[in-house]
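Read through the structure below, which is laid out as structure tokens, and then see the notes.
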Amino acid sequence: MPVDMKALLARERERRRAAASGDPAGAATASSSAAATAPVVMAPRAKISLRDFDVGERAGVRGLHYVPDFISPDEERAVLAGIHAPGTESRWVRSGRRRVANYGGVPSSSEVTEPLPQFATSLLEAIASAGIVNERTAPNHVLVNEYVAPAGISPHNDGDVYAPHVAIVTLGGAALMDFWPNDGSVTADDDRRDCDEREPTPIAQVLLRPRSLLLYTGDAYGLRHGIRHRDVDVATDRCVNAAVAGVEIGDEVERGRVRYSVVFVRKGHG
Ligand SMILES: O=C(O)CCC(=O)C(=O)O
């Protein structure tokens, strides 16, 4: 999760200071539950079997799952409103070409410093009701990425703090995520480097449609992943979820103006 750690630490310190001093503006950002917006309500999901959503198998990658249309368009709108609720603006930190809002402490530290915001707990309840996480594996930290096209995220591996599970809900726009073997050569700690032609051919690509849920765990968690810097993605024969995402090899997929990803992780090796 390459994030501008300096900016994030400064923001986190500022937030804690404001909360401790009783500053109302700080308090609004210190606890996202203070954000005055309609609560996000999600219908409980029917239990799903992840085996039905395994997209990594055909590329020999274990632990890669893609669930299309995990949330409805109304739920997507409600989550986006929660992400931008009053008091959340000060959460955003620029990291390379994207912005990141972080909830639950400093991403690289295993310390959990606050509960998840309401939009995230609702999404999480939906994920839990589908049987995808349980009490032992439930995420306790969320990062929201905002990508204004053509922004992407440089190749990276999420490292030990979050291992072994990540769940990502895509909102607003689409993007093609590439996965490469983790040869140890590049673990970017910022977004200055693009995923570009210097990267070897990915072993798998997943087209992340709006309202979908991506899960990577185990072997898939160990890979590097990234999103290229471009307005339009082209599905290649490595696109492991092409059928379910409704594309054929060679199809061009517009990103859309802005994509958000809500990235759930569990710190503390649950
Ligand atoms: O936006 C995404 O789907 C990927 C986000 C990501 O890789 C990260 O935050 O580390």
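Counting starts at 1 for both ligands and their atoms, in listed order. On a predicted model such as this, the values are computed, not experimentally measured, just so you know.
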Gln118 and Ser122 side chains, donor-acceptor separation under 3.5 Å: yes
Exercise: identify the closest heavy-atom pair between Val240 and Val55: CB-O, 3.1 Å
Within reach of ligand 1, part of Asp158 (heavy-atom separation under 4.0 Å): side chain
Distance filter under 4.0 Å to Ser261 heavy atoms, resulting ligand 1 atoms: 1 (O), 2 (C), 3 (O)
Atom indices of ligand 1 within 4.0 angstrom of Ile168 heavy atoms, with elements: 3 (O), 4 (C)
More than 12 heavy atoms from other groups under 6.0 Å of CZ on Arg62: no
Tyr216 N/O to ligand 1 N/O under 3.5 Å: no
Aromatic ring pairing Tyr216/His225, orientation class (parallel under 30°, perpendicular over 60°, tilted between): tilted
Face-on cation placement of Arg97 at Tyr147 ring, 6.0 Å and 45° thresholds: no
Derivation and outcome, salt bridge (charged side-chain N to carboxylate O under 4.0 Å, His left out), residues Asp233 and Arg228: CA-CA 8 Å; Asp233 287 305; Arg228 287 165 206 269; over 6 Å; no
Ligand 1 versus Ile153: contacting region, heavy-atom distance under 4.0 Å: side chain
Which of the ligand 1 atoms, numbered from 1, are nearer than 4.0 Å to a heavy atom of Tyr147: 1 (O), 2 (C), 4 (C), 5 (C)
Numbering as shown, the atoms of ligand 1 that approach Met177 to under 4.0 Å (heavy-atom distance): 2 (C), 3 (O), 4 (C)
